[in-house]
Amino acid sequence: MTRTTVNHLGDHVGETVNLEGWLSNRRSSKKLHFLLLRDGSGTVQCVVSREKFGDEAFEPLGHIPYESSLTIEGVVKADARAQGGYELEATDVRVISEAQEYPISNKDHGPDFLLSHRHLWLRSRKQVALMRIRDEVLRAIRGFMHDREFLCIDAPIFTPNACEGTSTLFEVNYFDDETAFLTQSGQLYMEAAAMAYGKAYCLGPTFRAEKSKTRRHLTEFWMWEPEMAHSDLDDVMDLAEDALRTIVEAVLTNRGEDLEVLKRDIEALERVREPFPRISYTEAVEKMHEKGHEFEWGGDFGARDEALISSLYPQPVLIHRYPQEVKAFYMKRDPQDDRLALGVDVLAPEGYGEVIGGGQREDDLDLLQGRLRAHGLSEEAFAWYLDLRRYGSVPHGGFGLGIERTVCWIAGIEHVRECIPFPRMLYRIYP
RNA sequence: UCCCCGGUAGCUCAAUUGGCAGAGUAGGUGGCUGUUAACCACUUGGUUGUUGGUUCGAGUCCAACCCGGGGAGCCA
(Lines give C-alpha, C1' and ligand atoms only; values in the text may rest on other atoms or scores of the structure.)
Protein backbone atom coordinates (compact mmCIF):
# COMPACT_ATOMS: atom_id res chain seq x y z
CA MET A 1 0.00 0.00 0.00
CA THR A 2 1.47 3.35 -1.06
CA ARG A 3 1.32 6.11 1.50
CA THR A 4 1.30 9.49 -0.18
CA THR A 5 0.07 13.08 0.06
CA VAL A 6 -2.44 15.01 -2.03
CA ASN A 7 0.18 17.04 -3.91
CA HIS A 8 1.76 13.83 -5.25
CA LEU A 9 -1.43 12.11 -6.44
CA GLY A 10 -0.49 12.80 -10.06
CA ASP A 11 2.34 10.27 -9.75
CA HIS A 12 -0.04 7.50 -8.70
CA VAL A 13 -2.87 7.50 -11.22
CA GLY A 14 -4.47 4.07 -11.35
CA GLU A 15 -2.77 2.94 -8.12
CA THR A 16 -4.33 2.28 -4.76
CA VAL A 17 -2.94 4.70 -2.19
CA ASN A 18 -3.43 5.71 1.43
CA LEU A 19 -4.01 9.34 2.40
CA GLU A 20 -3.97 10.76 5.93
CA GLY A 21 -5.76 13.98 6.62
CA TRP A 22 -8.76 15.83 7.95
CA LEU A 23 -12.30 16.14 6.61
CA SER A 24 -12.59 19.68 5.29
CA ASN A 25 -16.01 19.42 3.66
CA ARG A 26 -18.60 16.91 2.53
CA ARG A 27 -21.38 16.71 -0.01
CA SER A 28 -23.75 13.81 -0.01
CA SER A 29 -26.52 12.30 -2.09
CA LYS A 30 -28.37 9.00 -1.75
CA LYS A 31 -25.76 6.99 -3.60
CA LEU A 32 -22.55 8.95 -3.06
CA HIS A 33 -20.60 10.84 -0.43
CA PHE A 34 -17.99 13.30 -1.59
CA LEU A 35 -15.50 13.65 1.24
CA LEU A 36 -13.00 16.49 0.88
CA LEU A 37 -9.77 15.43 2.52
CA ARG A 38 -7.24 18.09 3.49
CA ASP A 39 -3.77 16.88 4.37
CA GLY A 40 -1.69 20.06 4.46
CA SER A 41 -0.27 19.52 0.99
CA GLY A 42 -3.65 20.03 -0.66
CA THR A 43 -7.26 18.93 -0.72
CA VAL A 44 -8.72 16.07 -2.71
CA GLN A 45 -12.25 14.87 -3.26
CA CYS A 46 -12.77 11.26 -2.23
CA VAL A 47 -15.78 9.51 -3.69
CA VAL A 48 -17.55 7.00 -1.48
CA SER A 49 -20.20 4.93 -3.23
CA ARG A 50 -23.09 3.17 -1.48
CA GLU A 51 -22.86 0.36 -3.98
CA LYS A 52 -19.25 -0.48 -3.07
CA PHE A 53 -19.39 0.15 0.67
CA GLY A 54 -22.80 -1.36 1.37
CA ASP A 55 -25.54 0.40 3.37
CA GLU A 56 -24.06 -0.25 6.79
CA ALA A 57 -20.63 1.16 6.02
CA PHE A 58 -21.96 3.93 3.79
CA GLU A 59 -24.50 5.61 6.08
CA PRO A 60 -22.21 6.77 8.95
CA LEU A 61 -19.72 8.29 6.52
CA GLY A 62 -22.34 10.92 5.74
CA HIS A 63 -22.22 12.04 9.38
CA ILE A 64 -18.51 12.42 10.12
CA PRO A 65 -18.06 15.86 11.67
CA TYR A 66 -15.85 18.37 9.86
CA GLU A 67 -12.15 18.31 10.76
CA SER A 68 -12.29 14.74 11.99
CA SER A 69 -8.96 13.04 11.25
CA LEU A 70 -9.18 10.26 8.66
CA THR A 71 -7.18 7.82 6.64
CA ILE A 72 -8.67 7.06 3.26
CA GLU A 73 -7.59 4.27 1.00
CA GLY A 74 -8.58 4.43 -2.63
CA VAL A 75 -7.71 4.38 -6.29
CA VAL A 76 -6.33 7.59 -7.80
CA LYS A 77 -8.34 8.74 -10.82
CA ALA A 78 -7.65 11.60 -13.16
CA ASP A 79 -11.02 13.32 -13.46
CA ALA A 80 -11.79 16.66 -15.03
CA ARG A 81 -14.82 17.03 -12.75
CA ALA A 82 -12.60 17.17 -9.66
CA GLN A 83 -10.81 20.31 -8.51
CA GLY A 84 -7.11 19.80 -8.95
CA GLY A 85 -7.71 17.24 -11.68
CA TYR A 86 -7.54 14.13 -9.49
CA GLU A 87 -9.90 12.35 -7.16
CA LEU A 88 -9.78 9.28 -5.00
CA GLU A 89 -12.25 6.47 -5.50
CA ALA A 90 -12.39 5.35 -1.89
CA THR A 91 -12.12 1.70 -0.95
CA ASP A 92 -11.75 2.23 2.79
CA VAL A 93 -12.36 5.15 5.15
CA ARG A 94 -11.15 5.02 8.76
CA VAL A 95 -11.81 7.69 11.36
CA ILE A 96 -8.78 8.26 13.58
CA SER A 97 -10.53 10.78 15.80
CA GLU A 98 -14.04 12.16 15.43
CA ALA A 99 -14.01 15.94 15.83
CA GLN A 100 -16.34 17.94 18.02
CA GLU A 101 -18.33 20.67 16.32
CA TYR A 102 -15.69 22.75 14.49
CA PRO A 103 -15.97 26.47 15.13
CA ILE A 104 -14.58 27.76 11.83
CA SER A 105 -16.97 27.45 8.90
CA ASN A 106 -16.62 28.08 5.18
CA LYS A 107 -18.50 31.33 5.68
CA ASP A 108 -17.08 34.69 6.71
CA HIS A 109 -15.66 35.33 10.14
CA GLY A 110 -14.49 38.51 11.84
CA PRO A 111 -10.86 39.21 12.74
CA ASP A 112 -11.41 38.92 16.50
CA PHE A 113 -12.90 35.44 16.19
CA LEU A 114 -10.27 34.24 13.74
CA LEU A 115 -7.36 35.59 15.77
CA SER A 116 -8.73 33.96 18.90
CA HIS A 117 -8.84 30.70 16.94
CA ARG A 118 -5.50 31.16 15.21
CA HIS A 119 -4.47 27.61 16.09
CA LEU A 120 -7.39 26.37 13.96
CA TRP A 121 -7.45 29.24 11.47
CA LEU A 122 -4.01 28.10 10.29
CA ARG A 123 -5.73 25.04 8.76
CA SER A 124 -7.71 27.07 6.26
CA ARG A 125 -6.71 27.14 2.63
CA LYS A 126 -5.69 30.78 2.48
CA GLN A 127 -3.59 30.56 5.63
CA VAL A 128 -1.81 27.44 4.42
CA ALA A 129 -0.99 29.21 1.14
CA LEU A 130 0.28 32.23 3.07
CA MET A 131 2.49 30.14 5.34
CA ARG A 132 3.95 28.43 2.28
CA ILE A 133 4.81 31.82 0.83
CA ARG A 134 6.38 32.86 4.13
CA ASP A 135 8.45 29.69 4.05
CA GLU A 136 9.50 30.45 0.48
CA VAL A 137 10.56 33.99 1.42
CA LEU A 138 12.70 32.67 4.28
CA ARG A 139 14.17 29.96 2.09
CA ALA A 140 14.97 32.46 -0.66
CA ILE A 141 16.72 34.74 1.83
CA ARG A 142 18.87 31.94 3.23
CA GLY A 143 19.67 30.70 -0.28
CA PHE A 144 20.56 34.22 -1.40
CA MET A 145 22.84 34.69 1.59
CA HIS A 146 24.48 31.34 1.03
CA ASP A 147 25.07 32.11 -2.65
CA ARG A 148 26.66 35.43 -1.71
CA GLU A 149 28.86 33.70 0.87
CA PHE A 150 27.35 35.41 3.89
CA LEU A 151 27.64 33.53 7.17
CA CYS A 152 24.59 33.11 9.37
CA ILE A 153 25.57 34.49 12.78
CA ASP A 154 22.60 34.54 15.12
CA ALA A 155 22.22 37.60 17.32
CA PRO A 156 21.15 37.29 20.96
CA ILE A 157 17.51 37.71 21.98
CA PHE A 158 18.35 38.97 25.49
CA THR A 159 20.27 42.22 25.35
CA PRO A 160 21.69 44.31 28.17
CA ASN A 161 20.47 47.63 26.81
CA ALA A 162 18.62 49.30 24.00
CA CYS A 163 20.33 48.86 20.65
CA GLU A 164 19.43 52.24 19.32
CA GLY A 165 18.27 53.99 22.44
CA THR A 166 15.01 55.06 20.83
CA SER A 167 12.30 52.40 20.81
CA THR A 168 10.42 51.13 23.82
CA LEU A 169 11.69 47.68 24.69
CA PHE A 170 10.24 44.73 26.56
CA GLU A 171 11.91 44.35 29.94
CA VAL A 172 12.53 40.98 31.47
CA ASN A 173 13.93 40.06 34.83
CA TYR A 174 17.34 38.47 34.33
CA PHE A 175 18.18 36.71 37.61
CA ASP A 176 18.41 38.55 40.90
CA ASP A 177 18.06 42.26 40.35
CA GLU A 178 19.34 42.52 36.83
CA THR A 179 17.16 43.74 33.98
CA ALA A 180 17.50 42.53 30.42
CA PHE A 181 15.63 43.57 27.29
CA LEU A 182 14.26 41.60 24.37
CA THR A 183 16.23 42.54 21.28
CA GLN A 184 14.97 45.25 19.02
CA SER A 185 17.60 44.59 16.36
CA GLY A 186 20.60 42.33 15.88
CA GLN A 187 22.45 44.95 13.90
CA LEU A 188 25.13 46.01 16.36
CA TYR A 189 26.04 42.37 16.85
CA MET A 190 26.12 41.87 13.09
CA GLU A 191 28.67 44.67 12.85
CA ALA A 192 30.86 42.63 15.19
CA ALA A 193 30.15 39.55 13.05
CA ALA A 194 31.06 41.40 9.83
CA MET A 195 34.42 42.37 11.34
CA ALA A 196 35.00 38.70 12.15
CA TYR A 197 33.67 37.05 8.98
CA GLY A 198 33.45 39.81 6.38
CA LYS A 199 29.85 39.15 5.43
CA ALA A 200 27.31 38.01 8.00
CA TYR A 201 23.60 37.99 8.63
CA CYS A 202 21.06 37.11 11.24
CA LEU A 203 17.44 36.08 10.81
CA GLY A 204 15.23 35.85 13.84
CA PRO A 205 12.59 37.43 16.01
CA THR A 206 12.75 41.01 17.27
CA PHE A 207 10.53 42.81 19.72
CA ARG A 208 9.07 46.29 19.97
CA ALA A 209 7.04 47.42 22.96
CA GLU A 210 5.56 50.45 21.25
CA LYS A 211 1.80 50.63 21.44
CA SER A 212 1.40 50.61 17.69
CA LYS A 213 -2.04 49.66 16.48
CA THR A 214 -1.97 49.46 12.70
CA ARG A 215 -2.01 46.86 9.95
CA ARG A 216 1.77 47.12 9.63
CA HIS A 217 2.74 46.44 13.23
CA LEU A 218 3.42 43.45 15.43
CA THR A 219 5.12 43.47 18.83
CA GLU A 220 7.09 40.37 17.80
CA PHE A 221 8.27 40.11 14.23
CA TRP A 222 11.06 38.48 12.25
CA MET A 223 13.88 40.44 10.77
CA TRP A 224 16.68 39.58 8.40
CA GLU A 225 19.81 41.67 8.92
CA PRO A 226 22.79 41.30 6.58
CA GLU A 227 25.97 43.27 7.31
CA MET A 228 29.05 43.68 5.08
CA ALA A 229 32.55 44.87 5.90
CA HIS A 230 34.33 47.03 3.29
CA SER A 231 31.03 48.35 1.95
CA ASP A 232 29.42 51.69 1.35
CA LEU A 233 25.87 52.91 0.89
CA ASP A 234 25.81 51.94 -2.79
CA ASP A 235 26.81 48.37 -1.92
CA VAL A 236 24.00 48.25 0.64
CA MET A 237 21.47 49.52 -1.90
CA ASP A 238 22.66 47.00 -4.49
CA LEU A 239 22.30 44.17 -1.99
CA ALA A 240 18.81 45.30 -0.96
CA GLU A 241 17.63 45.51 -4.56
CA ASP A 242 19.13 42.15 -5.56
CA ALA A 243 17.64 40.54 -2.47
CA LEU A 244 14.08 41.77 -3.07
CA ARG A 245 14.28 40.78 -6.72
CA THR A 246 15.52 37.30 -5.76
CA ILE A 247 12.82 36.82 -3.12
CA VAL A 248 9.98 37.88 -5.41
CA GLU A 249 11.34 35.73 -8.25
CA ALA A 250 11.47 32.70 -5.96
CA VAL A 251 7.85 33.18 -4.87
CA LEU A 252 6.68 33.71 -8.47
CA THR A 253 8.54 30.59 -9.61
CA ASN A 254 7.77 28.20 -6.78
CA ARG A 255 4.54 29.41 -5.18
CA GLY A 256 2.35 30.30 -8.13
CA GLU A 257 -0.51 28.12 -6.92
CA ASP A 258 -0.48 29.77 -3.53
CA LEU A 259 -0.47 33.25 -5.07
CA GLU A 260 -3.50 32.10 -7.05
CA VAL A 261 -5.29 30.92 -3.91
CA LEU A 262 -4.66 34.37 -2.44
CA LYS A 263 -5.83 36.00 -5.72
CA ARG A 264 -2.62 38.01 -5.87
CA ASP A 265 -2.17 40.37 -8.83
CA ILE A 266 0.81 38.63 -10.47
CA GLU A 267 1.52 41.44 -12.92
CA ALA A 268 2.24 43.81 -10.06
CA LEU A 269 4.87 41.38 -8.76
CA GLU A 270 6.38 40.84 -12.19
CA ARG A 271 7.21 44.54 -12.45
CA VAL A 272 9.70 43.99 -9.64
CA ARG A 273 11.99 42.49 -12.30
CA GLU A 274 12.65 46.02 -13.61
CA PRO A 275 15.30 48.25 -11.96
CA PHE A 276 14.24 49.95 -8.73
CA PRO A 277 14.18 53.72 -8.69
CA ARG A 278 16.67 55.31 -6.27
CA ILE A 279 15.95 58.81 -5.12
CA SER A 280 17.45 60.92 -2.39
CA TYR A 281 15.43 62.17 0.54
CA THR A 282 15.78 65.68 -0.86
CA GLU A 283 14.46 64.56 -4.27
CA ALA A 284 11.60 62.81 -2.53
CA VAL A 285 10.68 66.04 -0.74
CA GLU A 286 10.81 67.89 -4.06
CA LYS A 287 8.52 65.33 -5.64
CA MET A 288 6.06 65.77 -2.79
CA HIS A 289 6.10 69.53 -3.35
CA GLU A 290 5.52 69.00 -7.09
CA LYS A 291 2.41 67.00 -6.17
CA GLY A 292 1.22 69.84 -3.98
CA HIS A 293 1.92 67.87 -0.79
CA GLU A 294 3.11 69.94 2.14
CA PHE A 295 6.29 68.74 3.76
CA GLU A 296 9.14 70.54 5.45
CA TRP A 297 12.69 69.36 4.65
CA GLY A 298 14.26 67.85 7.75
CA GLY A 299 11.41 65.81 9.15
CA ASP A 300 10.92 62.08 8.92
CA PHE A 301 8.33 60.72 6.50
CA GLY A 302 4.96 59.80 7.93
CA ALA A 303 2.60 57.15 6.59
CA ARG A 304 0.94 59.59 4.18
CA ASP A 305 4.28 60.83 2.85
CA GLU A 306 5.52 57.29 2.26
CA ALA A 307 2.28 56.37 0.52
CA LEU A 308 2.57 59.33 -1.82
CA ILE A 309 6.19 58.60 -2.77
CA SER A 310 5.71 54.87 -3.33
CA SER A 311 2.55 55.50 -5.37
CA LEU A 312 4.78 57.19 -7.97
CA TYR A 313 6.51 53.89 -8.85
CA PRO A 314 5.39 50.33 -9.64
CA GLN A 315 8.66 48.97 -8.22
CA PRO A 316 10.00 49.21 -4.68
CA VAL A 317 11.65 52.61 -4.29
CA LEU A 318 14.93 53.24 -2.48
CA ILE A 319 15.14 56.54 -0.62
CA HIS A 320 18.63 57.44 0.53
CA ARG A 321 20.50 60.18 2.40
CA TYR A 322 18.07 61.27 5.10
CA PRO A 323 18.65 64.21 7.42
CA GLN A 324 20.92 62.82 10.12
CA GLU A 325 18.69 64.12 12.91
CA VAL A 326 15.94 61.63 12.11
CA LYS A 327 18.28 58.63 11.91
CA ALA A 328 20.02 56.49 14.51
CA PHE A 329 23.32 57.44 16.14
CA TYR A 330 25.37 54.82 14.27
CA MET A 331 24.58 56.13 10.77
CA LYS A 332 27.55 57.56 8.93
CA ARG A 333 27.26 61.15 7.79
CA ASP A 334 27.42 61.98 4.11
CA PRO A 335 30.90 63.36 3.39
CA GLN A 336 29.30 65.49 0.62
CA ASP A 337 26.78 67.08 2.97
CA ASP A 338 27.14 67.01 6.74
CA ARG A 339 23.39 67.42 7.30
CA LEU A 340 22.73 64.01 5.77
CA ALA A 341 23.11 60.44 6.98
CA LEU A 342 24.06 57.61 4.59
CA GLY A 343 20.88 55.69 5.29
CA VAL A 344 18.43 54.04 2.92
CA ASP A 345 14.83 52.93 3.31
CA VAL A 346 13.04 50.74 0.80
CA LEU A 347 9.33 51.30 0.35
CA ALA A 348 7.34 48.44 -1.11
CA PRO A 349 4.86 49.35 -3.87
CA GLU A 350 1.04 49.27 -3.68
CA GLY A 351 1.03 51.15 -0.40
CA TYR A 352 2.77 48.48 1.69
CA GLY A 353 5.32 50.94 3.05
CA GLU A 354 8.77 50.43 4.49
CA VAL A 355 10.15 46.90 4.27
CA ILE A 356 13.86 47.67 4.55
CA GLY A 357 15.86 50.17 6.57
CA GLY A 358 19.64 50.35 6.58
CA GLY A 359 22.72 52.17 5.47
CA GLN A 360 26.39 52.74 6.00
CA ARG A 361 27.63 52.79 9.60
CA GLU A 362 29.84 55.36 11.28
CA ASP A 363 33.30 53.80 11.32
CA ASP A 364 35.25 56.61 12.99
CA LEU A 365 35.79 56.15 16.74
CA ASP A 366 35.79 59.84 17.70
CA LEU A 367 32.72 60.69 15.64
CA LEU A 368 30.84 57.69 17.02
CA GLN A 369 31.67 58.64 20.60
CA GLY A 370 30.39 62.12 19.85
CA ARG A 371 27.14 60.72 18.45
CA LEU A 372 26.61 58.55 21.53
CA ARG A 373 26.97 61.61 23.76
CA ALA A 374 24.70 63.67 21.53
CA HIS A 375 22.01 60.98 21.78
CA GLY A 376 22.44 60.76 25.54
CA LEU A 377 23.60 57.14 25.39
CA SER A 378 26.03 55.57 27.84
CA GLU A 379 29.52 55.07 26.46
CA GLU A 380 30.06 52.33 28.99
CA ALA A 381 27.16 50.26 27.66
CA PHE A 382 28.46 50.60 24.10
CA ALA A 383 32.12 50.00 24.98
CA TRP A 384 32.19 46.71 23.08
CA TYR A 385 30.62 48.40 20.06
CA LEU A 386 33.26 51.14 20.15
CA ASP A 387 35.93 48.43 20.23
CA LEU A 388 34.91 47.53 16.69
CA ARG A 389 36.23 51.00 15.68
CA ARG A 390 39.36 50.66 17.83
CA TYR A 391 40.58 47.43 16.28
CA GLY A 392 40.72 47.66 12.54
CA SER A 393 37.66 49.74 11.65
CA VAL A 394 36.52 49.64 8.03
CA PRO A 395 33.66 51.19 6.08
CA HIS A 396 30.71 48.83 6.46
CA GLY A 397 26.99 48.71 6.19
CA GLY A 398 23.86 46.59 6.02
CA PHE A 399 20.12 46.64 6.48
CA GLY A 400 17.17 45.06 8.22
CA LEU A 401 14.24 43.58 6.32
CA GLY A 402 10.92 42.96 8.03
CA ILE A 403 9.85 39.43 7.10
CA GLU A 404 6.13 39.84 7.76
CA ARG A 405 5.87 43.15 5.92
CA THR A 406 7.67 41.60 2.97
CA VAL A 407 5.39 38.55 3.00
CA CYS A 408 2.39 40.83 3.38
CA TRP A 409 3.33 42.78 0.28
CA ILE A 410 4.31 39.80 -1.89
CA ALA A 411 1.18 37.85 -0.92
CA GLY A 412 -1.05 40.93 -1.22
CA ILE A 413 -2.48 40.60 2.30
CA GLU A 414 -4.28 43.37 4.19
CA HIS A 415 -2.62 42.96 7.57
CA VAL A 416 0.77 41.66 8.79
CA ARG A 417 -0.96 39.69 11.55
CA GLU A 418 -1.82 36.99 9.01
CA CYS A 419 1.78 36.79 7.82
CA ILE A 420 3.20 35.26 11.00
CA PRO A 421 1.94 31.95 12.40
CA PHE A 422 1.03 33.25 15.85
CA PRO A 423 0.87 37.05 15.86
CA ARG A 424 1.74 39.04 18.97
CA MET A 425 0.09 42.42 19.00
CA LEU A 426 -0.98 45.14 21.33
CA TYR A 427 -3.82 43.59 23.40
CA ARG A 428 -3.38 40.13 21.89
CA ILE A 429 -1.03 37.37 23.00
CA TYR A 430 -3.45 34.39 22.75
CA PRO A 431 -3.18 31.65 21.55
C1' U B 1 -1.06 57.84 24.17
C1' C B 2 -4.72 60.30 20.79
C1' C B 3 -8.90 60.13 17.05
C1' C B 4 -12.89 57.22 14.67
C1' C B 5 -16.05 52.68 14.50
C1' G B 6 -18.16 48.42 16.68
C1' G B 7 -20.02 44.52 20.61
C1' U B 8 -27.48 40.96 19.31
C1' A B 9 -27.82 32.71 18.51
C1' G B 10 -21.43 28.66 17.92
C1' C B 11 -20.35 32.10 13.45
C1' U B 12 -21.79 36.42 9.89
C1' C B 13 -25.33 39.98 10.43
C1' A B 14 -30.65 42.43 10.58
C1' A B 15 -34.26 44.60 13.97
C1' U B 16 -38.24 51.45 11.10
C1' U B 17 -39.93 56.80 15.79
C1' G B 18 -38.26 53.53 22.26
C1' G B 19 -43.42 48.91 21.36
C1' C B 20 -43.79 40.56 20.59
C1' A B 21 -35.50 39.62 19.27
C1' G B 22 -35.12 37.74 13.43
C1' A B 23 -32.42 35.69 8.98
C1' G B 24 -28.45 33.07 6.79
C1' U B 25 -25.01 29.57 8.24
C1' A B 26 -23.14 25.80 11.56
C1' G B 27 -25.52 21.60 14.67
C1' G B 28 -29.89 17.82 14.46
C1' U B 29 -33.72 14.93 11.42
C1' G B 30 -35.42 13.50 6.68
C1' G B 31 -34.99 13.79 1.25
C1' C B 32 -32.12 14.05 -3.25
C1' U B 33 -29.06 10.20 -10.14
C1' G B 34 -21.49 12.98 -9.88
C1' U B 35 -21.76 16.92 -5.84
C1' U B 36 -18.25 21.66 -6.33
C1' A B 37 -19.27 27.48 -0.27
C1' A B 38 -23.97 21.25 -3.38
C1' C B 39 -29.25 21.56 -3.09
C1' C B 40 -34.58 20.97 -0.84
C1' A B 41 -37.86 20.48 3.65
C1' C B 42 -38.36 20.52 8.86
C1' U B 43 -35.84 21.68 13.47
C1' U B 44 -32.61 22.85 18.24
C1' G B 45 -30.33 27.30 19.58
C1' G B 46 -30.75 34.28 23.13
C1' U B 47 -28.53 37.05 30.57
C1' U B 48 -28.65 41.85 23.12
C1' G B 49 -20.33 43.10 26.40
C1' U B 50 -20.89 44.80 31.98
C1' U B 51 -22.98 48.03 35.69
C1' G B 52 -26.17 51.84 36.69
C1' G B 53 -29.84 55.56 34.98
C1' U B 54 -34.27 57.76 32.12
C1' U B 55 -39.16 55.51 30.78
C1' C B 56 -45.61 52.48 31.36
C1' G B 57 -41.98 49.99 28.23
C1' A B 58 -34.76 49.94 26.36
C1' G B 59 -31.12 45.77 21.54
C1' U B 60 -32.52 51.00 20.55
C1' C B 61 -31.78 56.92 24.70
C1' C B 62 -27.93 58.67 28.76
C1' A B 63 -23.35 57.72 31.93
C1' A B 64 -19.23 54.92 33.37
C1' C B 65 -16.41 50.76 32.54
C1' C B 66 -14.69 46.23 29.75
C1' C B 67 -13.41 43.99 25.09
C1' G B 68 -12.32 44.31 19.92
C1' G B 69 -11.46 46.71 15.00
C1' G B 70 -9.43 50.82 11.88
C1' G B 71 -6.11 54.92 11.75
C1' A B 72 -2.20 58.51 13.71
C1' G B 73 2.48 58.85 16.02
C1' C B 74 6.94 55.42 16.12
C1' C B 75 9.02 51.85 13.41
C1' A B 76 10.62 46.79 9.96
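Reminder, nothing fancy here: chain letters follow the sequence lines and each chain counts from 1. Nothing here was measured: the structure is a model prediction, and the numbers come from that model.
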Rounded to whole Å, please give me the gap between [atom1] in [X] and [atom2] in [N].
X	N	atom1	atom2	answer
A/H109	B/rG68	NE2	P	20 Å
A/L218	B/rA76	CG	C1'	10 Å
A/E67	B/rG10	CD	P	21 Å
A/Y322	B/rC74	OH	P	13 Å
A/R26	B/rC32	CZ	P	17 Å
A/L23	B/rA38	CG	P	11 Å
A/L114	B/rG10	CG	C1'	13 Å
A/F113	B/rG10	CZ	C1'	7 Å

When you measure from the side-chain N and O atoms of [X] to the phosphate of [N], is any distance below 4.0 Å, counting only OP1 and OP2?
X	N	value
A/R27	B/rA38	yes
A/H217	B/rA72	no
A/S29	B/rG34	yes
A/R216	B/rA72	yes
A/N25	B/rA38	yes
A/K30	B/rU33	no

Check ion pair [X]-[Y] (N to O, under 4.0 angstrom):
X	Y	answer
A/R139	A/E136	yes
A/R216	A/E354	no
A/R428	A/D112	yes

Between [options], which one does the side chain of [X] approach most closely?
X	options	value
A/S212	B/rG34, B/rG73, B/rA76	B/rG73
A/R428	B/rG68, B/rA76, B/rC74	B/rG68
A/K211	B/rG68, B/rU1, B/rG73	B/rU1
A/M223	B/rG73, B/rA76, B/rG34	B/rA76
A/F221	B/rG34, B/rG68, B/rA76	B/rA76
A/F34	B/rG34, B/rA76, B/rU1	B/rG34

Looking at every strand, decide which applies to [X] at a 4.0 Å heavy-atom threshold: base, sugar-phosphate, or nothing.
X	result
A/H117	nothing
A/R50	nothing
A/Q45	base
A/G353	nothing
A/T406	nothing
A/D345	nothing
A/I104	nothing

Is a donor on one side and an acceptor on the other found under 3.5 Å between the side chain of [X] and the backbone of [Y]?
X	Y	value
A/S41	A/V6	yes
A/S124	A/L122	no
A/R38	A/L23	no

Legend entry - Distance-only donor-acceptor test (3.5 Å): side chain A/E87, base B/rG34: yes
Inset, instruction - Let me know, please, whether A/D112 or A/F301 comes out on the 5' side of the other along RNA chain B by nearest nucleotide. - result: A/D112
Legend entry - Residue met sooner reading RNA chain B from 5', once A/W222 and A/A303 are mapped to nucleotides: A/A303
Quick one: look up who [N] pairs with, Watson-Crick or G-U, both distances under 3.5 Å, and put none if it's unpaired.
N	result
B/rU35	none
B/rC65	B/rG49
B/rC11	B/rG24
B/rG59	none
B/rC2	B/rG71

Taking [M] as the reference, what is the distance to [N] when you measure between their [atom1] atoms (whole Å, please)?
N	M	atom1	answer
B/rU44	B/rA23	C1'	16 Å
B/rU48	B/rU8	C1'	4 Å
B/rA63	B/rA76	C1'	42 Å
B/rG49	B/rG69	C1'	15 Å
B/rU12	B/rG7	P	12 Å
B/rC3	B/rA64	P	13 Å
B/rG10	B/rG45	P	12 Å
B/rG59	B/rG22	P	13 Å

Inset, instruction - Would you check, one step at a time, whether the test ring-ring contact (aromatic ring centres under 6.0 Å, His included) holds for A/W224 with A/F150? - result: CA-CA 12 Å; A/W224 164 46; A/F150 279 67; 8.1 Å; no
Inset, instruction - Examine A/Y313 together with A/F276 and report whether their ring centres are nearer than 6.0 Å. - result: no
Legend entry - Pi stacking test for A/Y102 and B/rA26: under 5.5 Å apart, planes under 30°: no
Inset, instruction - Mind listing the closest non-hydrogen atom pair of A/I356 and A/A240 along with its distance? - result: CD1-CB, 4.0 Å
